[in-house]
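Every chain is numbered from 1 and lettered A, B, ... according to where its sequence line falls, protein lines coming before strand lines.
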There are 2 protein chains.
Amino acid sequence: MNDKRQDKVTITEVAKHAGVSTATAGRVLGGYGYSRQEIKDKVRQAAEELGYRPNLLARGLITGKTKTIGVVAGDIQSPFYASILRGVADVTRAAGFGILLTNSDEQIERELEAVQLLREKQVDGLIIAPSDLSGSKHLQAAVRDGCPVVLIDRAIKNLAADAVCVDNRAASRDCITRLTEAGHRRIGLIAELERWEGGDITDFLSAVEGSALDSSTLFPSWQRLYGYIDALRSAGLPIDPDLIGRVGVYSSEGARKETQRLLEWSERPTALFTADGLMSAAAMDVITSLDLQIPRDLSLICFDDLDWMSFIKPGIAAVVQPLTEMGEAAARLMLSRIAGDDSAPQYLALQPKFAARGSIAAPLSS
Amino acid sequence: MNDKRQDKVTITEVAKHAGVSTATAGRVLGGYGYSRQEIKDKVRQAAEELGYRPNLLARGLITGKTKTIGVVAGDIQSPFYASILRGVADVTRAAGFGILLTNSDEQIERELEAVQLLREKQVDGLIIAPSDLSGSKHLQAAVRDGCPVVLIDRAIKNLAADAVCVDNRAASRDCITRLTEAGHRRIGLIAELERWEGGDITDFLSAVEGSALDSSTLFPSWQRLYGYIDALRSAGLPIDPDLIGRVGVYSSEGARKETQRLLEWSERPTALFTADGLMSAAAMDVITSLDLQIPRDLSLICFDDLDWMSFIKPGIAAVVQPLTEMGEAAARLMLSRIAGDDSAPQYLALQPKFAARGSIAAPLSS
DNA sequence: TTGTATGCGTTATCAT
DNA sequence: ATGATAACGCATACAA
């Protein structure tokens, strides 16, 4: 009852027990260096008997590798990050790596703390959904120090790091085009659209007009707005800023308010496009409480496929992001960087699938 | 461009730069021991200038504490574990701890590997949703070695570890009672009910009859079945084994099949109780595809509150598990164990809330 | 209050 | 192929 301390079985004890040096014991147990089969057996048996367990801290201290990668997610509670993390975990686990997880809640201060902690814990690399797409001295520092960084879901302008994203602009454009082709001329958008360094929606519209905008380093919801604009322009339709529901924060309440504004409007849109899962759930809530029939009264397409979209009333058409695949791709990139690959940073833009369902119809008036 | 190695700034360099010994530098940077303000400033400035970052591996190696806790979840992709993990992460982060995450997919072999890896990485404690409630030598070993273990969602018979669970039996009994009080006499159950060491459903029914069954060390779905039986017995209703949809595995497909069996039956139940989120989604899928109206054709109560249950048709009544709170409680228990609390193991049974919604009505025939 | 010396458990560098 | 011994970066007992 007194020996409930740590497992004090060290490699020295095993060596003593097996009658060899610690160096030899280390070689067979650690799987480096050479040794006779006879010795191997003896050492392994001693280790077994004593219940030896390697101390990965000590190993990491000397090798400089921890076989651990740090992950900074926005909020692991959201299906979005949960799925990505699952992909990361599967690939890293298969390679014998552990993952050290933190949530940033999309706040840069939290991200800074997280990255600092992870780096102090000597992770071999950082997979991160960055909260800020401009400054990020901490990520620059990581890259400079040789700590591999893989960005997820969004890219940073001048950072020499891999990024695994989704082609938000194209996917969004595709959705809106489906709606215009169905005959819709007034299509509402509900999107987060929190911060854009260039200003407000009007500024964004002009910037897009001037086409001097790199969509790959925008936050996803802005990329989706970009695709919305693309599609309307291709269809020769005007862009009514009042149809753009800018929620401004990532909140259900805000999304509900914006949806209400659009749908209770006398000139309400005949179709709606929601730019992410949270917005979709909030919008759906408003739609059912207003007793609007989909697709008779309103066509609907959602970005992100939530489970209820397949079994609710007529089915809700959705953009299916390859989330687990994103995580897997990010992890694979990370592993190859850790393995020494120092080729140019890769920007991976995965293509989402489209789940066509019964929520799209021609507008009533037409 | 050649110095892209690790951050080789060690405490020795800082000490040299500040003109003090490594011990002194360590004292001010590590925040232990005493030192003059003048020295402190000098050391801190040197650290700042050199961009010093403590190596937590080295610290952990000597202190025996890593300020990291290992978490073994079933599947982080499920909302259930994602929410719990969020709670764990919040509490541990506030205390300066990191979390090392693994998925077991509820497989004991995976769990074994995970626990081994985590312990080799010298985590200060283990928060785990155990895949096996009987043997678990690995957890016994952890406890014996003084590595705190906190169980989550289910408890293990003879393990001296804390456990944070939910009172599944009571919550389930409460749901079924609501249905019987609404006039239902034939209530279907859709549940995983994978393994029970005592045998099959019939054996379970006899065991419950004999009341020689400790419900706290059953898997949740069996506890929920227990509550189902409790409620029917209290109401003086017979228990028809054919109404118990034992899916046997944790799969949507299986759940759909069982739901279909129940609902396409000539003597189909007038009410349904689904025992977890996956079962609920699958059941809902079948219900809509059979075009059954809730609550006219069927009353429904679900264990676990998914987002669509609040905005779908009439609203689906649900048991709301305090998931984040479970994670927080588990983390708090863990922190106090790590801090040295060696009082008797605690079994925490949190009470879920009930979200009353429009999915309950009197049966048509009555 | 500060410095010296030693050790944490492992891998790495030499000899042999 | 094996063994002594020196690192790794930090904390800590003890001396000063």
Side-chain angles (χ1 to χ4, degrees), chain A residues 5-44 46-47 50-68 117 119-124 145-146, chain B residues 5-44 46-47 50-68 117 119-124 145-146:
Chain A
R5 308 269 176 280
Q6 312 269 53
D7 46 343
K8 303 294 292 175
V9 177
T10 146
I11 213 170
T12 314
E13 318 241 346
V14 176
K16 220 171 282 177
H17 213 76
V20 298
S21 72
T22 65
T24 302
R27 275 188 281 257
V28 13
L29 261 23
Y32 46 99
Y34 307 82
S35 46
R36 285 208 320 269
Q37 187 60 43
E38 182 190 333
I39 295 283
K40 278 184 184 167
D41 294 341
K42 213 162 50 177
V43 172
R44 291 214 178 96
L50 297 177
Y52 168 75
R53 225 194 280 281
N55 183 328
L56 265 32
L57 287 191
R59 177 178 297 174
L61 182 57
I62 183 163
T63 61
K65 258 79 186 59
T66 52
K67 301 210 84 173
T68 303
L117 182 65
R119 294 205 58 201
E120 290 183 355
K121 285 190 186 295
Q122 311 295 121
V123 295
D124 293 338
D145 295 343
Chain B
R5 309 270 177 277
Q6 312 269 51
D7 45 344
K8 304 294 293 175
V9 177
T10 145
I11 214 168
T12 314
E13 318 241 345
V14 176
K16 221 171 282 178
H17 213 76
V20 298
S21 72
T22 64
T24 302
R27 276 188 280 258
V28 13
L29 261 23
Y32 45 97
Y34 306 84
S35 46
R36 286 207 321 269
Q37 187 59 44
E38 182 191 333
I39 294 283
K40 278 184 185 166
D41 294 342
K42 212 164 48 177
V43 172
R44 290 214 179 96
L50 298 177
Y52 170 74
R53 226 193 279 281
N55 183 328
L56 264 32
L57 288 189
R59 177 176 296 173
L61 182 57
I62 180 167
T63 61
K65 258 78 185 57
T66 52
K67 301 211 84 173
T68 303
L117 181 65
R119 294 205 57 203
E120 291 182 355
K121 285 190 186 293
Q122 312 296 119
V123 295
D124 293 338
D145 295 343

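- Atom pair Lys65(A):NZ and dG9(C):C1' shows a separation of 20 Å (rounding to whole Å applied).
- Distances shorter than 4.0 Å separate none of the side-chain N or O atoms of Tyr32(A) from OP1 or OP2 on dA1(D).
- Spacing between atom CG of Leu57(A) and atom P of dA11(D) amounts to 13 Å, rounded to whole angstrom units.
- Within the nucleic acid shown, Ile39(B) comes within 4.0 Å of sugar-phosphate atoms alone, with no base atom in reach, counting heavy atoms only.
- Nearest-nucleotide assignment on DNA chain C puts the 5′-proximal partner with Ser21(B), out of Ala58(B) and Ser21(B).
- For Arg36(B), counting side-chain heavy atoms from C-beta on, the closest listed nucleotide (dC10(D), dT2(C), dT10(C)) is dT2(C).
- Residue Thr63(B) has its side chain nearest to dT12(D) when only dT12(D), dT2(C), dC10(D) are considered.
- Following rounding to the nearest Å, Lys42(A) (NZ) and dG3(D) (C1') show an atom-to-atom distance of 13 Å.
- For NZ of Lys16(B), the number of neighbouring non-hydrogen atoms (other residues, nucleotides, ligands) closer than 6.0 Å is 12 at most.
- Asn55(A) has its CG atom 13 Å from the C1' atom of dC8(D), to the nearest Å.
- Applying the 4.0 Å criterion to OP1 and OP2 of dG3(D), one finds that Thr22(A) has every side-chain N and O outside that range.
- In this structure, CG of Leu61(A) is placed 9 Å from P of dC10(D), rounded to the nearest angstrom.
- In this structure, the nucleotide among dG9(C), dG3(D), dC10(D) sitting nearest to the side chain of Ile62(B) is dC10(D).
- Contacts of Leu56(B) with the nucleic acid, taken as non-hydrogen atoms under 4.0 Å apart, are absent.
- For Tyr34(A), the OH atom is loosely surrounded, since the number of other residues' heavy atoms within 6.0 Å does not exceed 12.
- Relative to the side chain of Tyr34(B), the nucleotides dA1(D), dT1(C), dC10(D) differ in distance, and dT1(C) lies closest.
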Mind listing the side-chain donor-acceptor pairs of residues 21-29 of chain B below 3.5 Å, one per line with the distance, residues two or more places apart or on another chain?
residue  : atom : partner  : partner atom : Å
Ser21(B) : OG   : Ala23(B) : N            : 3.4
Ser21(B) : OG   : Thr24(B) : N            : 3.2
Ser21(B) : OG   : Thr24(B) : OG1          : 3.2

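- The side chain of Thr24(B) lies closest to dG3(C), out of dG3(C), dT13(C), dC10(D).
- Here the side chain of Ala23(B) is nearest to one of dG9(C), dT4(C), dA11(D), namely dT4(C).
- Between Arg59(B) atom CZ and dT10(C) atom C1' the separation is 20 Å, expressed in whole Å.
- For the 3.5 Å distance criterion, the side chains of Thr68(A) and Lys121(B) qualify, holding a donor opposite an acceptor.
- With rounding to whole Å, Lys67(B) atom NZ is found 17 Å from dC10(D) atom P.
- Close to dC10(D), at under 4.0 Å from its OP1 or OP2, lies a side-chain N or O of Thr10(B).
- OP1 or OP2 of dG9(D) lies within a sub-4.0 Å distance of a side-chain N or O belonging to Lys8(B).
- Going from atom CD1 of Ile11(A) over to atom C1' of dC8(C) covers 14 Å, rounded to whole Å.
- Atoms CG and CG, on Leu57(B) and Leu56(A) in that order, are 9.5 Å from each other to the nearest 0.5 Å.
- Side-chain atoms of Arg27(A) and base atoms of dG3(D) include a donor and an acceptor less than 3.5 Å apart.
- Contact of the Asn55(A) side chain with the Gln122(B) side chain is registered, since non-hydrogen atoms from C-beta on lie closer than 4.5 Å.
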